[in-house]
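Residue numbers run from 1 in the order of the sequence given. Computed from a prediction, not measured in an experiment: that's the story for all the values here.
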Amino acid sequence: MADDGSSSPPQLAAWADVDPARYPFDPVEMSVAVRALVPPPPPPPAFRDGGWVGGAEAFAWVDSVSTLLSDRYGPWAYRWHWGPREREHVGFVTDRIPAPADAPTFVADALLAWRRWLESLAERFDHLLPSLDPGRAGDAAEVVAWEVAGEQLMTFVAAPVVDNDGWQGYSQLTLQWFLTATGIPPEQARVVVGGALKGFGWWAPLTAVEIGEIGGRVARDVLGLTGSVPPGRVDDWPDTWPHGWPTWRATNTSAGAGPPPDRGRYR
């Protein structure tokens with residue numbers, strides 16, 4: 001059906017909304033179906049007479065394609081243009097509106113890239129989820145398991161992002177989906193992830209130290225939901241530790257967690 005504004009787009013707040021296991025998908029069938037599904041796109045937006053012309057039409061086309069795809073393949077397909085790529089294009093999809101003859105291939109390639117990314121994410125979830133054992137909640141092993149899960153997922157998400165503005169959005173989604181896959185309600189997961197990412201600059205690349213810091217924040221706040229964070233450890237962090245450390249785990253300094261460095265921080 002066409003996107004007439006009568007329904008809200010799917011929020012995709014939980015892993016169940018995008019889990020490939022819940023939505024069978026045949027890429028060969030899709031590559032044929034899009035030729036009939038995808039409407040002709042408008043001309044790309046252009047700067048004329050001191051302003052941009054055609055932006056609203058471009059967004060309307062993207063939304064109409066999103067609705068058609070999600071109706072056919074499930075809510076995950078609504079964000080068909082979200083797939084991160086190693087050589088990702090700069091700018092939103094409306095900056096790359098294809099010619100009418102190229103539109104079906106453009107949409108099929110983008111949807112397939114998004115689906116493949118979700119499938120790769122599902123493989124990582126399947127690997128990490130068994131390590132989170134509710135039976136040992138609050139002990140050191142569970143803290144480490146949560147930290148490792150957060151760090152591995154952050155590394156997976158951030159590594160291929162070319163545009164430094166891009167890592168936060170994908171990180172927010174990935175961590176939130178992972179928490180909901182463990183049974184945490186979406187709203188609580190959103191709060192935990194928002195707190196873990198707070199203070200990191202949108203336009204600055206992540207360091208390995210910062211990825212570890214985010215993993216630690218996730219572990220602390222997730223276990224804090226049930227009051228099962230173990231007593232703080234005494235850690236002898238050097239006074240000259242780089243990148244704004246020590247982390248929140250340090251108990252031998254007055255600074256404790258401290259915010260990330262100002263480098264690139266959004267205020």
Side-chain angles (χ1 to χ4, degrees), residues 1-3 7-39 41 58-59 61-98 101-129 149 152-163 165-182 186 189 193:
M1 71 178 178
D3 183 13
S7 60
S8 299
Q11 296 303 305
L12 307 185
W15 178 237
D17 298 327
V18 295
D19 182 359
R22 294 172 58 92
Y23 303 100
F25 178 72
D26 182 349
V28 175
E29 180 276 336
M30 179 272 295
S31 66
V32 175
V34 293
R35 300 189 178 279
L37 282 174
V38 175
F59 274 100
W61 179 76
V62 172
D63 284 344
S64 68
V65 172
S66 296
T67 300
L68 291 166
L69 293 177
S70 62
D71 284 351
R72 187 177 185 95
Y73 299 111
W76 68 273
Y78 193 88
R79 301 303 184 186
W80 58 277
H81 47 80
W82 275 12
R85 306 178 185 183
E86 293 184 3
R87 298 181 300 275
E88 65 185 351
H89 300 279
V90 177
F92 187 69
V93 67
T94 52
D95 298 330
R96 301 177 279 122
I97 294 293
D102 299 329
T105 300
F106 177 85
V107 172
D109 288 348
L111 180 63
L112 187 56
W114 176 233
R115 176 73 181 199
R116 285 174 173 168
W117 188 79
L118 291 174
E119 290 173 347
S120 295
L121 195 59
E123 292 176 1
R124 282 158 176 80
F125 283 12
D126 290 343
H127 174 73
L128 293 169
L129 286 170
Q152 289 192 11
L153 291 173
M154 284 294 302
T155 301
F156 165 71
V157 171
V161 175
V162 176
D163 182 358
D165 282 350
W167 69 265
Q168 282 222 16
Y170 289 116
S171 299
Q172 175 84 30
L173 283 172
T174 298
L175 293 176
Q176 180 169 326
W177 288 339
F178 184 70
L179 297 190
T180 63
T182 69
V193 175

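Residues Thr105 and Arg35 form a side-chain contact, since some pair of their non-hydrogen atoms from C-beta on lies under 4.5 Å apart. Between Tyr23 and Tyr73 the shortest side-chain heavy-atom distance does not fall below 4.5 Å. With a 4.5 Å cut-off on side-chain heavy atoms, Tyr78 and Thr67 count as touching.
Taken from CG in Leu112 to CH2 in Trp117, the straight-line distance is 15.0 Å, to the nearest 0.5 Å. In this structure, CG on Leu37 lies 10.5 Å from CE on Met30, to the nearest 0.5 angstrom. Distance check, rounded to the nearest 0.5 Å: CE of Met154 to OG1 of Thr174 gives 8.5 Å. Expressed to the nearest 0.5 Å, how far CH2 of Trp82 lies from CG of Leu118 amounts to 10.5 Å. Phe106 contributes atom CZ, which lies 4.5 Å from atom CZ of Arg96 (distance to the nearest 0.5 angstrom). To the nearest 0.5 Å, the span separating CG on Leu173 from CZ on Arg79 amounts to 9.0 Å.
Here the closest heavy-atom approach between residue Trp61 and residue Pro39 is recorded as NE1-O, 2.8 Å. Across all non-hydrogen atoms, the minimal contact from Ser171 to Val193 is O-CG1, 4.5 Å. Nearest heavy-atom pair, Pro41 versus Ala103, reported as atom, atom and distance to 0.1 Å: CD-CB, 3.7 Å. Trp80 and Ser66 get closest at one heavy-atom pair: NE1-OG, 3.0 Å. For Arg22 against Ala16, the heavy-atom pair with the smallest separation is NE-O, 2.9 Å. Contact record, Gln176 with Pro186: NE2-O, 4.0 Å, taken as the closest heavy-atom pair.
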May I have the step-by-step check of ring pair (Phe, Tyr, Trp, His ring centres under 6.0 Å) for Trp76 and Phe25, ending in yes or no?
-> CA-CA 11 Å; Trp76 68 273; Phe25 178 72; 5.3 Å; yes

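Put simply, the side chain of Arg115 never gets that close to the backbone of Ala77: no donor and acceptor are under 3.5 Å apart.
Checked options Asp17, Asp19, Leu121; the residue passing with Trp177 is Leu121 (criterion: side chain to side chain contact (heavy atoms under 4.5 Å, CB included)).
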